[in-house]
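Before we start, here is the structure in question, set down as structure tokens.
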Amino acid sequence: MEIGPYIMLASLEGAVTAAVLALTACGLSLVFGVMRVVNIAHGEFFMLGAVIAWWVAQGIAGHPALGFAAALVVAPVVVGAVAVAADVTILRHLDYDPERTIVATIGLLYIIQQLTLMTYGPEARPVQAPFSTRIALPWLEHGPEGWQVIWPWGLGTTTYKLAVIGAAVAVLLGVWALMARTRIGLLMRATQMDREMALAFAIPVERVYALVFGLGAGLAALAAVLIVPIQQAHYLMGGDPLLLSFVVVIIGGLGSLPGTVLAAVLIGLSDGIISVFFSPTLAKILATLLVGLVLVFRPQGLFGVRAP
Amino acid sequence: MSLLCTEGLSKHFAGLSAVAEVDFDLPEGQVRALIGPNGAGKTTLVGMICGRLRADAGRVVFDGRDVTGMAAHRRIRRGMAYTFQITSVFGRLPVHENVALAARRRLAGPQVDAAVREALDRVGLTEDPDRPAGDLSYGHQRLLELAMGLVQAPRLLILDEPTQGLSDSEIARFTGLVRALAGQVTVLLIEHNMHVVMQVADAVTVMNQGAILAEGTPAEIHDNPAVQAAYLGTN
Amino acid sequence: MSRRARILALHGGLLAVLFAAQFVLPAYHHGNLARIMVLASYALGYNLLFGYTGLLSLGHALFFAAGMYGMALSMQHLEAAPAPALLAGLAAGIAVSALLGLLALRTAGVAFMIVTLMFAQAGHLTILYFGEWTRGDEGFVIAATRRVLWGIDLADPVSRYFAAWGLFAVCLLSTLWLVRRPFGKVLIAIRENEERVRMLGYDPFLHKLGALVVSGTMSAAAGAVYGLLFGYAGATFASVQYSIFPLLWVLLGGAGTVLGPFVGTLFMFYLIDLASGVTTAYMLIAGVVLVALTLFAPQGLMGEVRRRLWGWLP
């Protein structure tokens, strides 16, 4: 394949990565934005979503779409409930002290990951996609007879991948509507802006926190359900989404949802394209260094505005 | 010979002018009180003098040297000492260690202990120097702040509302202490208690709305109609 | 007994007991304790920054690995003898911690934690990336015949135990000395109230940088000695897990106590050792202990001892 179609293929794959990443990172960003909690266990909520999706899909007979549809509902709800439980039993008792909550979520990371290893085991297991029709894509080439449409071998995508992108966009719009247009969103924004003031106005801050933590984890789980027909469910799969979400949230500006989505698209797309030219390890080295340096030199994120 | 002077010192917060073009001059050896209504810009001015706040414009000259761009700790090393308005002692460390930390910057070995004991004596905090500073009453924490300032043997001692929360007897002790310092140490004192100001200050600077309203001896200031107006809020 | 005498008796006593334990312990625990003393030295380094200066790093594996690979790579590829190789490990630790400090100390709190986590992750990935030299996750073995330092065969269990004890003694005593020096007392004051320290005329940045370099160098020394004594260097030692371990040990033993790191490492080592006999998911223990400590005992074991029994504990 020539370089042009190759890059187009990489961007398509990158768009899928970006879609899933945007969902995952949005969850992390929401939790940080409202609660000021850096959730190191976020990647494990993602992993848990994938593993639960496998379990649900496994348990439901019939057309694979049935199991997948059930997983789409069950996994985020169960993971959200786990997160709410963690918030109520652990984080709340730490008074959301930033440093202690980080240490606690590191503990939570190991608890979730190792319990999954004990029950689900060390294997990687696939979930079947509900539909997956292959679509070949055309490419324009300048030949001896002028411009002509060709169909390079290997250039294509599947209906499922396109659906993942669509679903992510829909969910993100839903999150935006929730934050901007509903009462509960208003409560979240009020709590985000000033916790003390929210308390003074009798906003049930503790319940808002539990909800936000559950919602954040649920978004990660949903992202994982969407990706699990393309990747596989494995107990160590939480590391990469955690790292990439950090990259996205920090570059997009901590706690800013539009910045997060923008950064997710940028990182997702460039990840696909960069890994065409570099090894994935090198790409990850650059990403981690970028996050570190952004935090050191531009803590408001690359797209954020410096607070006055 | 002035120990400290500022020229055109200004600071804005979110577009609001907190201190505007202040020219301030403090001769060596003087006890100067800085007074003014709440929000007049006293703490902001002092913050820029000692380096806790960066000035937006203007300069600060300390001991003949421009210190405007100098980090706070370097200014302190050049002979300023600052006591916090909101007490800021090391609550979990012993009282003795609080003062020793301040003393060790210029002393070492057994000299530290002697200096600490002397400073605690002077402010009247002689009881149990080994207990955590956080266990002291609010008034005693203020006295501890003062001891931490004194033990540095500063050339300029900046006191931000030192008598706030002190009892009458502690205030009497404080005024005696500052008067004993007069002539040896230059003192810049932000103070609300006019009684204290009248007793200890050689001169008074009045700030209002970010600018210097009046300067003079305590008696002059006391009789100044503009100052009275500012305090009563009728201007 | 004076405070000073008590402190010397307690810490000297621990070193004497550990020295003597060598003659009575069965082989298995004898080997374990050698490992624990080296890892406790790592924890002592971590404690200096976290426990005494109040800076929570999530990237100390970078320093441990810098020491280990500085030592191991110079033996493997430069044919260095153990002594210069150890020095190379130390030098790597100093360089890496100074560089990280200059960058990361521009941040504080949560940002500092994430920055250290990210740079350490970049370090881990770099070791994997240069797999040709480092052999990545698989790592490489340093032959026993080459691990002879000044005529002492470090592959021999007895001399290995003494070497580990020596490292631990140096780290323990230098921590004890440092935290009772004016420099150490300023570090403690920074932990309590950094702004106040600045307004007493100390440069907090320089003190924190000093703390980080000493802490990183101690961690690197532990990494270098670990690689040399046990004859192996692998990328696992640079992974996030090895940044979490010293945090776990220090939290368990008691942050900001001189004995805490050893106590925490000892307990955790045996806890994980027991658990790994039962399940492959032994890191579950680490997770549970981390959560339980933050919830119920943020002072750790020796912190509780200091609070309830011995207020004089340094």
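So you know, we letter chains A, B, ... as the sequences are listed, proteins then strands, and number each from 1.
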ask   = About how many Å separate CG of C:Leu128 and CG of A:Leu282, when rounded to the nearest 0.5 Å?
value =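 Between A:Leu282 CG and C:Leu128 CG, I get 12.5 Å after rounding to 0.5 Å.
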task = Could you tell me whether a side-chain N or O of A:Thr260 sits under 3.5 Å from a main-chain N or O of A:Val248, the two making a donor and an acceptor?
result =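 Checked: no pair found.
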task = In plain terms, say whether A:Lys284 and A:Asp240 are close enough for a salt bridge, that is, a side-chain N and a carboxylate O under 4.0 Å apart.
result =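 Looking at A:Asp240 together with A:Lys284, the answer is yes, because their closest N to O distance falls below 4.0 Å.
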inquiry  = Please classify the contact between A:Val38 and chain C as side chain, backbone, both or neither, with a heavy-atom cut-off of under 4.5 Å.
reply    =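 Just the side chain, heavy atoms under 4.5 Å.
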ask   = What part of C:Leu58 lies closer than 4.5 angstrom to a heavy atom of chain A: side chain, backbone, both or neither?
value =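 Answer is side chain: those atoms of C:Leu58 sit under 4.5 Å from chain A.
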key: Under 4.5 Å from a heavy atom of chain C, the part of A:Leu293 involved   =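 A:Leu293 touches chain C through backbone and side-chain heavy atoms alike.
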request  = Tell me, for C:Leu248 versus chain A, whether the close heavy atoms (under 4.5 Å) come from the side chain, the backbone, both or neither.
outcome  =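 Contact with chain A involves no heavy atom of C:Leu248 at all.
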key: Which atoms of A:Leu289 approach chain C - backbone, side chain, both or neither, heavy atom under 4.5 Å   =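 For A:Leu289, heavy atoms of backbone and side chain both lie under 4.5 Å from chain C.
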request  = Could you grab the distance from atom CG of C:Leu284 to atom CD1 of A:Ile112, nearest 0.5 Å is fine?
outcome  =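 Here the rounded value is 11.0 Å.
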request  = Ignoring hydrogens and angles, tell me if any N or O in the side chain of A:Thr17 forms a donor-acceptor pair with the backbone of A:Glu13 under 3.5 Å.
outcome  =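 It does hold such a pair.
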query = So which part of C:Leu103 gets closer than 4.5 Å to some heavy atom of chain A, the side chain, the backbone, both or neither?
reply =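 Both backbone and side chain of C:Leu103 come within 4.5 Å of chain A.
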request  = May I ask you to test the C:Thr175-C:Met218 pair for a side-chain heavy-atom distance under 4.5 Å?
outcome  =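 Yes. Closest side-chain heavy atoms under 4.5 Å.
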key: Residue pair C:Ser215 / C:His60, side-chain donor-acceptor N/O under 3.5 Å   =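 Judged by distance alone, the side chains do pair up.
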task = Please state whether the side chain, the backbone, both or neither of A:Thr101 comes within less than 4.5 Å of a heavy atom of chain C.
result =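 Neither part, no heavy atoms under 4.5 Å.
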key: Heavy-atom contacts under 4.5 Å, residues 105-126 of chain C to chain A   =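 Heavy-atom contacts from residues 105-126 of chain C to chain A are C:Arg106, C:Thr107, C:Gly109, C:Val110, C:Ala111, C:Met113, C:Ile114, C:Val115, C:Leu117, C:Met118, C:Phe119, C:Gln121, C:Ala122, C:Leu125, C:Thr126.
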key: cation_pi(A:Arg92, A:Phe213) dist<6.0 Å, angle<=45   =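 Verdict for A:Phe213: no cation-pi partner in A:Arg92.
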request  = Could you tell me whether the side chain of A:Ser29 and the main chain of A:Ala25 form a donor-acceptor pair under 3.5 Å?
outcome  =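 No.
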